[in-house]
Visitor: 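Attaching a single structure in structure tokens format; questions to follow.
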Amino acid sequence: MQRTDAPIGAQQWVPPHPRSIDELKPAAADCHGCELYENATQTVFGRGAPHAKIVFVGEQPGDVEDRHGLPFVGPAGRLLRDAVDDAGIDPAELYITNAVKHFRFELRGGRRIHQNPGPAHITACRPWLVSEFSLLKPKLVVILGATAGKALLGPSFRVTRSRGQLMPWPASAQHPEDFPVAEIQAIATIHPSAVLRADDRETAYRGLVDDLRVAAAAVA
Ligand code: URA
Ligand code: SF4
């Protein structure tokens, strides 16, 4: 069924004065800010170092993440870990999360097929992302793919146009006021799932690592 009402959004589930990510996570587990909680197994919140220098933002949990309750633990996560390693980024300095925190899928012949989250899901889920940034205070955000770009920069974001370049953030967002957080830097790159799908996987992987090297240098 196609819904026409805009979702109410996550804000009312976000604790008013959270002191730590550990306080956000159980609150997000109860979120009904959009309809995606209805069919997914659980909320998949971000994880990583509470004082991470770099925050990675992906799209949404996939099938494996939905079942395990942790971001980037499936095939895309394995590829991302390799790329982080090859770029010389210390994994202990990372926090990793998603623009949308429930898995959106379509059932086809008993299989759960990934569906991109829509603009309404991205907007509904943004309060969690904002609250993560306000607690983490990283130096840099790595935007993984189009959905994260739309969430953090605005609907006109295109990966191919912006990848690999450092930019001030949230100043570079279409609506910086959506992010009442301290000014940091951002860099966009392709999503690790796009590397897995690429015809020329090796070139795509090298491109991802090159972008992550820029990220590594920016926080060194
Ligand atoms: N893809 C994402 O964007 N996030 C995950 O957590 C897993 C796959
Ligand atoms: Fe809440 Fe985000 Fe899940 Fe929607 S996707 S129910 S806004 S946590």
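Positions are given from 1, in the same order as the sequence printed here. Counting starts at 1 for both ligands and their atoms, following the listed order.
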Visitor: Can you tell me the protein heavy atom closest to atom 3 (Fe) of ligand 2 and the distance?
Guide: H102 ND1, 2.1 Å
Visitor: When you look for heavy atoms under 4.0 Å from ligand 2, do you find them on the side chain of W13, its backbone, both, or neither?
Guide: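 None of W13 does.
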Visitor: Going by the order shown, which atoms of ligand 1 are within less than 4.0 Å of some heavy atom of H191?
Guide: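 Near H191, meaning under 4.0 Å from one of its heavy atoms, ligand 1 has 1 (N), 2 (C), 3 (O).
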Visitor: For atom 1 (Fe) of ligand 2, grab the closest protein heavy atom and report residue, atom and distance to one decimal in Å.
Guide: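 Nearest protein contact, heavy atoms only, for atom 1 (Fe) of ligand 2 is C31 SG, 2.3 Å.
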Visitor: Could you identify the single nearest non-hydrogen protein atom to atom 4 (Fe) of ligand 2 and state the distance to 0.1 Å?
Guide: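 Nearest neighbour among protein heavy atoms for atom 4 (Fe) of ligand 2, to 0.1 Å: C34 SG, 2.3 Å.
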Visitor: Is any side-chain heavy atom of I21 closer than 4.5 Å to one of L24?
Guide: yes
Visitor: Using a strict cut-off of 4.0 Å, indicate which atoms of ligand 1 neighbour a heavy atom of P71.
Guide: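 Listed by number with element: 6 (O).
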Visitor: Would you check if the distance from the ring center of F133 to the ring center of W169 is below 6.0 Å?
Guide: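 Ring-ring flag for F133/W169: true, centres closer than 6.0 Å.
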Visitor: How far is atom 2 (Fe) of ligand 2 from the closest protein heavy atom, and which atom is that?
Guide: C125 SG, 2.3 Å
Visitor: So if I count the atoms of ligand 2 from 1 in the order they appear, which ones are less than 4.0 Å from some heavy atom of W128?
Guide: 8 (S)
Visitor: Quick check: are there more than 12 heavy atoms from other residues, nucleotides or ligands sitting under 6.0 Å from NE2 of H51?
Guide: no
Visitor: Quick check for you: to the nearest 0.5 Å, what is the distance between I8 atom CD1 and W13 atom CH2?
Guide: 3.5 Å
Visitor: Between F72 and ligand 1, is there a nitrogen or oxygen pair with a distance under 3.5 Å?
Guide: yes
Visitor: Please state which part of E65 comes within less than 4.0 Å of ligand 1, counting heavy atoms only: side chain, backbone, both or neither.
Guide: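 Just the side chain.
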Visitor: So if I count the atoms of ligand 2 from 1 in the order they appear, which ones are less than 4.0 Å from some heavy atom of V100?
Guide: 5 (S)
Visitor: Are H32 and Y37 an aromatic pair, judged by ring center distance below 6.0 Å?
Guide: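 Yes, the ring centres sit under 6.0 Å apart.
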Visitor: How far is atom 2 (C) of ligand 1 from the closest protein heavy atom, and which atom is that?
Guide: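 Among all protein heavy atoms, the one nearest atom 2 (C) of ligand 1 is Q60 O, 3.0 Å.
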Visitor: Take a 6.0 Å sphere around CD of E106 and say whether it holds more than 12 heavy atoms from other residues, nucleotides or ligands.
Guide: yes
Visitor: Using a strict 4.0 Å cut-off to heavy atoms of G58, name the atoms of ligand 1 that fall inside it.
Guide: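 Reading through ligand 1 atom by atom, the close ones are 3 (O).
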Visitor: Ion pair present between R67 and D63, side-chain N to carboxylate O less than 4.0 angstrom?
Guide: yes
Visitor: Show, in sequence, the C-alpha distance, side-chain angles and deciding distance for R112 and D66, and conclude whether the salt bridge (Lys or Arg N to Asp or Glu O under 4.0 Å) test is met.
Guide: CA-CA 11 Å; R112 305 197 303 174; D66 172 80; 2.9 Å; yes
Visitor: Who's the nearest protein heavy-atom neighbour of atom 4 (N) of ligand 1, and how far?
Guide: N98 OD1, 2.7 Å
Visitor: Please answer whether the main-chain N or O of H121 pairs with a side-chain N or O of R104 as donor and acceptor at a distance below 3.5 Å.
Guide: no
Visitor: Need the ligand 2 atom indices (1-based, order shown) with element for anything under 4.0 Å from a heavy-atom of A124.
Guide: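 Numbered from 1, ligand 2 contributes 7 (S).
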Visitor: Looking at A186 and I143, what are the two nearest heavy atoms and their distance?
Guide: CB-CD1, 4.2 Å
